[in-house]
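Down below is the structure, laid out as structure tokens.
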Amino acid sequence: MASSKAKVLLFGGGGVGTITALNLEAGGLTSVTAVLRSNYNTVINKGFDIKSCDHGTVSGWRPSKVLKSIPLTSEEKFDYIVCTTKNVPDCPPTLAELIAPAVVPGHTVIVLVQNGFNIELPMFKAFPDNIVLSGVSLIGSHEVQHGVIEHDDNDRSFIGPFHNPRLDPAKEEAAAKEYVKLYSASGKCSCEFTDDVPFTRWRKLIYNACLNSICALTGLDTGRLRLADDLVDSLVRPAMEEIRAAAKANGVELPADVCDFMINLDPVTMYLPPSMLGDVRKGNYTEYENILGEPLRAGTALGVPMPTLTVLYHLLKAIQWRTKEINGVVKIPPKESFVAK
């Protein structure tokens, strides 16, 4: 990397994306251009107001540049495109289509700080000559209103390469380690390199495919879910064991205590609403396909029984269809009036 600052295009300025941009710029090694959507006008006029457990209280903050749409490659050559948006492949345009104008073939490193499984495959197809990195984030950060960020759980992440068979593994690993260096430069977060992306992704699915999904469907945050009679043992734990079994069938051995660890990850009285519950409450689309559908298909394709996750998946699919109808994405025939004869 040259001595000048790395140029980062950040796509998605919500709770996670804003702290990502703040931390990258705090390290002094990067210049961040953020592409914002719903909160663009607020941030342009007033900046972000941030309460962060890592960075303190920051008022009126903006990254180096704020844009309303993805720039063309002819406008600026970015070293990294960091994607922190929700990944909703069943609601086009896809992420690959959105970032395509800014991707320089063979140069731009794409960093997917997103939940789910198999999220790299559309990127490999769309950008076969570009390195794609996995970012598994354990941060707790939310945009409570446009431009207002509450960051209450430390910024912890694991970065590693999604191995594209077309590319040199050594170059992929070097790109991941370079990004870890850039992100760690602030000294205010924990960012680690991992050479076992499948393990880190399946491990987080224990939380996301299970707790995240069940909270979204029940309307309960993680604390209340744990307090609600026997829901952990009758619903959460069986779902988690199905993910463990699917991971094992796919060559990833998760430790026996991973379910207990994820169930007790946050204090009960933190009453944490996971991201999917937040999306349902706001009437947003959910990431159910990547978070639940992909691991479900990966497990059942190898003969793993996954009855709990199958029901959760189809319930979330119904909620997604309802949201699409509300947003006019799907149309239904008009209601017929009953005429007595």
Side-chain angles (χ1 to χ4, degrees), residues 1-13 16-17 19-35 63-65 67 70-85 87 94-116 118-137 139 155 157-186 189 191-198 200-201 290:
M1 185 66 64
S3 58
S4 60
K5 290 184 178 182
K7 293 184 178 180
V8 173
L9 179 69
L10 180 88
F11 188 52
V16 175
I19 299 301
T20 297
L22 177 63
N23 187 70
L24 281 168
E25 294 222 335
L29 301 181
T30 66
S31 172
V32 177
T33 296
V35 179
S64 294
K65 190 181 296 184
L67 301 176
I70 292 283
L72 302 175
T73 54
S74 59
E75 297 173 8
E76 192 163 4
K77 186 177 181 180
F78 292 99
D79 302 306
Y80 297 87
I81 297 179
V82 180
C83 303
T84 59
T85 56
N87 198 334
T94 65
L95 179 62
E97 291 170 334
L98 289 168
I99 68 172
V103 177
V104 179
H107 175 78
T108 310
V109 176
I110 300 167
V111 188
L112 301 179
V113 186
Q114 297 177 308
N115 293 320
N118 285 338
I119 62 174
E120 75 279 12
L121 299 183
M123 297 296 163
F124 287 175
K125 183 177 180 180
F127 314 112
D129 299 319
N130 291 80
I131 292 172
V132 182
L133 303 182
S134 164
V136 172
S137 175
I139 193 174
D155 189 357
S157 59
F158 298 88
I159 305 295
F162 284 118
H163 286 300
N164 184 341
R166 289 174 52 97
L167 303 180
D168 181 351
K171 291 182 178 179
E172 292 176 317
E173 181 176 318
K177 290 181 176 179
E178 179 65 22
Y179 184 79
V180 170
K181 172 187 171 184
L182 297 176
Y183 202 77
S184 300
S186 71
C189 66
C191 184
E192 299 179 28
F193 168 78
T194 176
D195 59 359
D196 193 351
V197 166
T200 57
R201 292 235 153 229
N290 286 333

task = Sorted by first residue and then second, give each salt bridge (Lys or Arg N to Asp or Glu O under 4.0 Å) pair with at least one member in residues 118-134; sequence neighbours left out.
result =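 The answer is D129-R166.
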task = Write out all pairs satisfying salt bridge (Lys or Arg N to Asp or Glu O under 4.0 Å) with one or both partners inside residues 100-112, taking only residues at least two apart or from two chains.
result =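 Found none.
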Residues that D196 engages under side-chain contact (heavy atoms from CB on, under 4.5 Å), provided they are two or more places apart =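 Listed in chain order: T194, P198, F199.
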Grab the two heavy atoms, one from [X] and one from [Y], that are nearest each other, plus how far apart they are.
X    : Y    : answer
T85  : G12  : CG2-CA, 3.5 Å
I119 : Q114 : CD1-O, 3.9 Å
I99  : C83  : CG2-SG, 4.2 Å
P63  : A34  : CG-CB, 3.7 Å
V180 : C191 : CG1-O, 3.4 Å

Using residues 100-110 as the side-chain source, report each donor-acceptor pair under 3.5 Å to any protein atom, sequence neighbours left out, with the distance given to one decimal.
| unit_1 | atom_1 | unit_2 | atom_2 | d |
| --- | --- | --- | --- | --- |
| H107 | NE2 | D79 | OD1 | 3.0 |
| T108 | OG1 | F78 | O | 3.3 |
| T108 | OG1 | V104 | N | 2.9 |

message = Exactly one of N23, L29, L22 should register a side-chain contact (heavy atoms from CB on, under 4.5 Å) with S186. Which one does?
response =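 It is N23, the one option of N23, L29, L22 that forms the side-chain contact (heavy atoms from CB on, under 4.5 Å) with S186.
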message = Among T84, T33, V82, L95, exactly one meets side-chain contact (heavy atoms from CB on, under 4.5 Å) together with F11. Which residue is that?
response =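 The single option meeting the side-chain contact (heavy atoms from CB on, under 4.5 Å) with F11 is L95.
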message = Which label fits Y179 and Y80: parallel for a plane angle under 30°, tilted from 30 to 60°, or perpendicular past 60°?
response =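 Correct class here is tilted.
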ask   = Do N87 and N115 have side chains that get closer than 4.5 Å, going by heavy atoms?
value =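 No, side chains not in contact.
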task = Applying salt bridge (charged side-chain N to carboxylate O under 4.0 Å, His left out), name anything that partners K77, two or more places apart in sequence or on another chain.
result =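 Not a single residue meets the salt bridge (charged side-chain N to carboxylate O under 4.0 Å, His left out) criterion with K77.
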request  = Walk me through it: do R201 and S134 pass the test side chain to side chain contact (heavy atoms under 4.5 Å, CB included)?
outcome  = CA-CA 9 Å; R201 292 235 153 229; S134 164; 3.0 Å; yes
query = Do any N or O atoms from the side chain of E172 and from the backbone of N164 form a donor-acceptor pair under 3.5 angstrom?
reply =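 Side chain of E172 to backbone of N164, a donor-acceptor pair under 3.5 Å: yes, one is there.
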request  = For T200 and V197, indicate whether the former's side chain and the latter's backbone hold a donor-acceptor pair under 3.5 Å.
outcome  =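 It does hold such a pair.
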message = Tell me which pairs pass side-chain hydrogen bond (donor to acceptor under 3.5 Å, both in side chains) where either residue lies in residues 94-106, with sequence neighbours left out.
response =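 Qualifying pairs: T94-E97.
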query = V8 and E25: side chain to side chain contact (heavy atoms under 4.5 Å, CB included), yes or no, with the steps?
reply = CA-CA 10 Å; V8 173; E25 294 222 335; over 6 Å; no
request  = Please report the C-alpha distance between D155 and Y183 in whole Å, then the side-chain angles of each, then the deciding distance to 0.1 Å, and finally whether the side chain to side chain contact (heavy atoms under 4.5 Å, CB included) criterion is met.
outcome  = CA-CA 11 Å; D155 189 357; Y183 202 77; 2.6 Å; yes
inquiry  = Test side chain to side chain contact (heavy atoms under 4.5 Å, CB included) on M123 and N130; report intermediate values, then the result.
reply    = CA-CA 9 Å; M123 297 296 163; N130 291 80; over 6 Å; no
Euclidean distance, L133 CG relative to E178 CD, rounded to 0.5 Å =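 Those atoms lie 11.0 Å apart.
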